[in-house]
Amino acid sequence: MTVRLYNTLTKKREEFIPIEEGKVGIYVCGITAYDVCHIGHARSAVVFDVIYRYLKYKGYDITYVKNFTDVDDKIIGKAIAEGTDIGEIAERYIREHNEDMDRLGVARPTAAPRATESIKGMIRLIETLMEKGLAYVVDGDVYYSVEKFSGYGKLSGRSLDDMMAGARIDIDEKKKNPFDFVLWKSSKEGEPWWSSPWGKGRPGWHIECSVMSQRFLGDTFDIHGGGEDLIFPHHENEIAQSEGATGKPFAKYWIHNGFIKIDSEKMSKSLGNTLTIKEILDAYHPEVVRFFILQRHYKSYIDFSDGAMAEARGGMERVYTALKGIKDALGGGESVSDLSEKDLSGEDKTAFEKVHTLPVRFTEAMDDDFNTPMALGYIFDTVRIINGYLPRDGAQPGGGTLFVLQDARERIREVGKVLGLFLEEPDDYFTKSQEREVSKRGLDVEEVERLIDERKQAREAKNWARADEIRDLLAARGIVLKDTPASTTWKIE
RNA sequence: GGCGGCAUAGCCAAGUGGCUAAGGCAGCGGUCUGCAAAACCGUUAUUCACCGGUUCGAGUCCGGUUGCCGCCUCCA
């Protein structure tokens with residue numbers, strides 16, 4: 001089965017056919033290293049991480065490039081403000097970024113080049129554009145002449161005439177056309193610079209991606225991705241630069257992820273409602289964050305709120321509760337059943353067939369434009385089967401049951417690995433989750449446990465009134481108790 | 001002003017021409033439990049913003065209306 005994906009360039013869902021059979025080259029625009037990453041970066045990272053892992057799961061030999069922009073106005077501004085150089089600023093935020101990604105369980109790309117490592121290539125590319133008459137020089141700045149590139153606007157679906165009609169940009173007298181964009185910028189006093197045929201200067205923003213994608217993936221490659229805000233002008237300009245220079249098609253498929261809103265508002269620095277990845281991870285388990293993101297199709301916007309996160313947490317718990325049930329039934333052993341599939345019959349056989357085909361359904365969903373919400377739905381279907389199949393308290397499960405449960409766990413792990421979910425030991429997951437909730441709510445754990453202990457004694461004395469009173473007291477603080485024959489455990493609702 | 005997207009149950013969210021409109025959360029009834037919790041079973045949209053059209057057949061295609069949103073400036 002082949003993957004079908006929505007291509008921003010054609011505005012259609014298309015069959016994914018790699019340029020070279022079995023191989024995939026993917027380039028995703030990374031961050032500008034001038035500030036800590038927010039939840040929007042997390043979404044983009046998680047979405048493309050899952051696409052990367054899925055294509056790998058499908059057996060493709062994949063080269064995944066995600067760049068760092070380490071020279072730009074904002075970085076320069078920050079360096080000047082702090083009296084340091086751009087290298088130090090970039091280094092700091094790249095390190096922070098990598099830390100955030102590691103915590104989110106985002107795999108490192110095959111290559112993570114920095115713009116400043118490819119300055120020579122950028123100069124060469126700009127020279128080619130000059131030779132082809134696609135660029136012009138004004139006072140040491142080099143501009144791209146959009147009118148000279150006939151395909152300009154094909155990605156964002158607008159013509160230059162449309163853009164002119166609705167132009168809202170400042171007229172810059174240096175430019176021949178208001179949509180011309182800078183390829184090379186002359187440096188002002190105190191700014192970093194590189195020498196070039198046009199004098200001391202630095203690259204414009206778009207040129208780096210044209211150069212680094214070409215360097216790692218060639219003139220034409222399979223997939224180019226990024227946030228939807230990059231469609232115009234960034235990706236449009238990349239196409240103009242690359243196709244203008246090589247005369248060949250640039251990326252074959254373009255994938256763009258949707259934005260995150262916060263409490264139904266657009267997240268932006270001016271509104272002051274940005275949430276950093278660090279803040280989110282202090283409050284929620286990384287897998288809850290991934291689950292929250294993957295619960296919606298990557299192209300739609302997501303509305304972040306505490307309520308939505310609480311729901312995501314609830315969903316995660318459902319899966320981990322089932323995994324815990326399996327673990328308890330297996331008695332902690334990894335491989336306790338030495339049966340094989342053909343030894344199964346009746347109920348065991350039926351359950352096995354349902355559970356064992358999870359990866360097939362998962363693949364169907366993912367092949368359909370990476371439909372992670374549907375993929376998660378199939379995982380929940382599997383969870384229901386497991387829960388209904390788990391031995392009741394105290395019952396001794398038979399060999400067939402163990403075999404099925406073991407397989408169920410394997411299959412959930414198999415697809416979970418692609419999504420970056422359900423990879424923890426259930427006990428660890430619950431412990432970490434609980435610690436976060438406790439610290440978030442400022443609960444006094446010792447007092448909680450003292451009350452539980454008091455309730456235990458009341459229960460032993462069959463003083464149900466006092467036992468219930470304590471439970472209600474704890475419930476008022478969001479603590480839910482669970483009595484098992486052996487002990488009482490508690491969790492945050 | 002230009003370009004584009006979305007509207008599915010109380011909430012979140014799949015489904016893009018055809019079996020009974022996935023799944024999660026919340027609710028209700030039952031089983032289990034000292035009572036709960038978790039889990040399971042059942043239940044919760046004759047209907048997919050509205051109006052018209054195409055079709056044997058539409059949530060799904062086309063046209064219109066209304067409402068929300070994004071991009072056009074740095075932005076994931």
Side-chain angles (χ1 to χ4, degrees), chain A residues 8 11 13 28-32 34-35 37-48 72-74 153 156-159 161-170 179 205 225-234 236 256-261 264-270 274 291-292 295-297 299-303 305 307-308 310-319 321-322 324-325 361 365 368 371-381 383-390 392-393 459 462-465 467-468 471-472 475 479-485 488-491 493:
Chain A
T8 312
K11 286 161 193 67
R13 204 172 279 199
V28 174
C29 292
I31 59 153
T32 298
Y34 76 103
D35 203 352
C37 291
H38 57 243
I39 180 153
H41 296 109
R43 183 180 194 187
S44 185
V46 168
V47 162
F48 287 104
D72 132 295
D73 287 348
K74 290 186 291 284
S156 50
R158 42 190 131 186
S159 66
D161 289 344
D162 290 339
M163 291 188 235
M164 292 308 286
R168 266 196 199 170
I169 62 172
D170 296 335
F179 289 96
W205 172 36
E228 64 178 9
D229 55 319
L230 297 178
I231 295 171
F232 190 90
H234 185 53
E236 197 70 73
H256 292 96
N257 67 275
F259 265 44
I260 288 194
K261 292 187 184 188
S264 306
E265 264 194 330
K266 188 193 166 175
M267 179 174 71
S268 76
K269 297 217 167 180
S270 53
T274 54
F291 180 83
F292 167 73
Q295 245 182 330
R296 254 204 112 160
H297 188 83
K299 275 203 307 289
S300 316
Y301 75 83
I302 308 184
D303 199 357
S305 66
E311 271 195 21
R313 195 166 69 90
M316 284 300 286
E317 270 185 24
R318 184 166 162 78
V319 179
T321 300
K324 168 109 171 94
R361 289 188 300 273
D368 188 15
N371 193 336
T372 53
M374 184 173 265
L376 290 170
Y378 290 140
I379 292 173
F380 280 107
D381 288 340
V383 164
R384 192 179 329 100
I385 294 164
I386 293 167
N387 282 334
Y389 198 69
L390 283 171
R392 308 295 292 175
D393 279 337
R459 290 183 75 219
K462 296 213 187 314
N463 182 356
W464 307 124
D468 289 352
R471 189 177 48 222
D472 291 345
I479 293 165
V480 183
L481 302 181
K482 180 188 175 187
D483 296 324
T484 66
T488 296
T489 59
W490 59 282
K491 65 165 194 165
E493 67 174 353

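Every chain is numbered from 1, with letters handed out A, B, ... down the list of sequences. All values below come from the heavy atoms of this structure, side chains included, with hydrogens, waters and symmetry mates left out.
- Partners of A:T488 under the side-chain contact (heavy atoms from CB on, under 4.5 Å) rule, at least two apart in sequence or in another chain, are A:I452, A:R455, A:R459, A:L481, A:D483.
- The side-chain contact (heavy atoms from CB on, under 4.5 Å) search around A:D72 returns A:T32, A:T69, A:K74, A:I75, not counting sequence neighbours.
- Legend: residues meeting salt bridge (charged side-chain N to carboxylate O under 4.0 Å, His left out) with A:K491, ordered by chain and number and at least two apart, are A:E317.
- Listed by chain and residue number, nothing satisfies the side-chain hydrogen bond (donor to acceptor under 3.5 Å, both in side chains) test with A:S300 (two or more places apart in sequence, or in another chain).
- Evaluation of the side-chain contact (heavy atoms from CB on, under 4.5 Å) rule for A:K324 yields A:D328, A:P426, A:D427, A:F430 as partners, not counting sequence neighbours.
- Residues forming a side-chain contact (heavy atoms from CB on, under 4.5 Å) with A:M267 (at least two apart in sequence, or on another chain): A:H38, A:I39, A:I262, A:N273, A:T274.
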Pairs under 3.5 Å (N/O, protein and nucleotides 4-13 of chain B):
{"unit_1": "B:rA13", "atom_1": "OP1", "unit_2": "A:R296", "atom_2": "NE", "d": "3.1"}
{"unit_1": "B:rA13", "atom_1": "OP1", "unit_2": "A:R296", "atom_2": "NH1", "d": "2.3"}

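- Shown here, B:rC71 forms a base pair with B:rG2; the pair counts as Watson-Crick or G-U wobble because both key distances fall under 3.5 Å.
- Put simply, CE on A:M267 is 18 Å from P on B:rC74, counting in whole angstrom units.
- Residue contacts for A:K74: at a heavy-atom cut-off of 4.0 Å it reaches the sugar-phosphate backbone alone, with no base atom in range.
- Within the structure, a side-chain polar atom (N or O) of A:N371 is placed less than 4.0 Å from OP1 or OP2 of B:rG15.
- Only the P atoms considered, B:rG59 is 26 Å distant from B:rG4, to the nearest whole Å.
- OP1 or OP2 of B:rC71 has at least one side-chain nitrogen or oxygen of A:K266 nearer than 4.0 Å.
- Annotation: side chain of A:M374 is not in contact with side chain of A:D368 (no heavy-atom distance under 4.5 Å).
- Of the nucleotides present, none pairs with B:rU16 by Watson-Crick or G-U wobble criteria with both distances under 3.5 Å.
- Pairing for B:rA76 is absent, with no Watson-Crick or G-U wobble pair whose two atom distances lie under 3.5 Å.
- Once the 5.5 Å centre distance and the 30° plane angle are applied, the aromatic ring of A:F259 is found stacked with the base of B:rA76.
- Annotation: ring pair (Phe, Tyr, Trp, His ring centres under 6.0 Å) contacts of A:F292 (sequence neighbours excluded): A:F304.
- For A:E265 and B:rC68, the CD to P distance is 16 Å, given to the nearest whole Å.
- For the pair A:R384 and A:N387, the minimum side-chain heavy-atom distance is 4.5 Å or more.
- In this structure, A:N387 places its CG atom 9 Å from P of B:rC41, rounding to the nearest Å.
- The CD atom of A:E493 sits 12 Å away from the C1' atom of B:rA37 (whole-angstrom rounding).
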Which pairs, protein N/O on one side and nucleotides 26-35 of chain B N/O on the other, fall under 3.5 Å?
{"unit_1": "B:rG34", "atom_1": "O6", "unit_2": "A:R455", "atom_2": "NH2", "d": "3.4"}
{"unit_1": "B:rG34", "atom_1": "O6", "unit_2": "A:R459", "atom_2": "NE", "d": "3.0"}
{"unit_1": "B:rG34", "atom_1": "N1", "unit_2": "A:D468", "atom_2": "OD1", "d": "3.1"}
{"unit_1": "B:rG34", "atom_1": "N2", "unit_2": "A:D468", "atom_2": "OD1", "d": "3.1"}
{"unit_1": "B:rG34", "atom_1": "N2", "unit_2": "A:D468", "atom_2": "OD2", "d": "2.7"}
{"unit_1": "B:rC35", "atom_1": "O2", "unit_2": "A:D468", "atom_2": "OD1", "d": "3.3"}
{"unit_1": "B:rC35", "atom_1": "O2", "unit_2": "A:R471", "atom_2": "NH1", "d": "3.0"}
{"unit_1": "B:rC35", "atom_1": "O2", "unit_2": "A:R471", "atom_2": "NH2", "d": "2.1"}
{"unit_1": "B:rC35", "atom_1": "N3", "unit_2": "A:R471", "atom_2": "NH1", "d": "2.9"}
{"unit_1": "B:rC35", "atom_1": "N4", "unit_2": "A:D483", "atom_2": "OD2", "d": "3.0"}

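- Look at CG on A:L230: it is 6 Å from P on B:rC75, rounded to the nearest Å.
- B:rU65: Watson-Crick or G-U partner is B:rA49, with both key distances under 3.5 Å.
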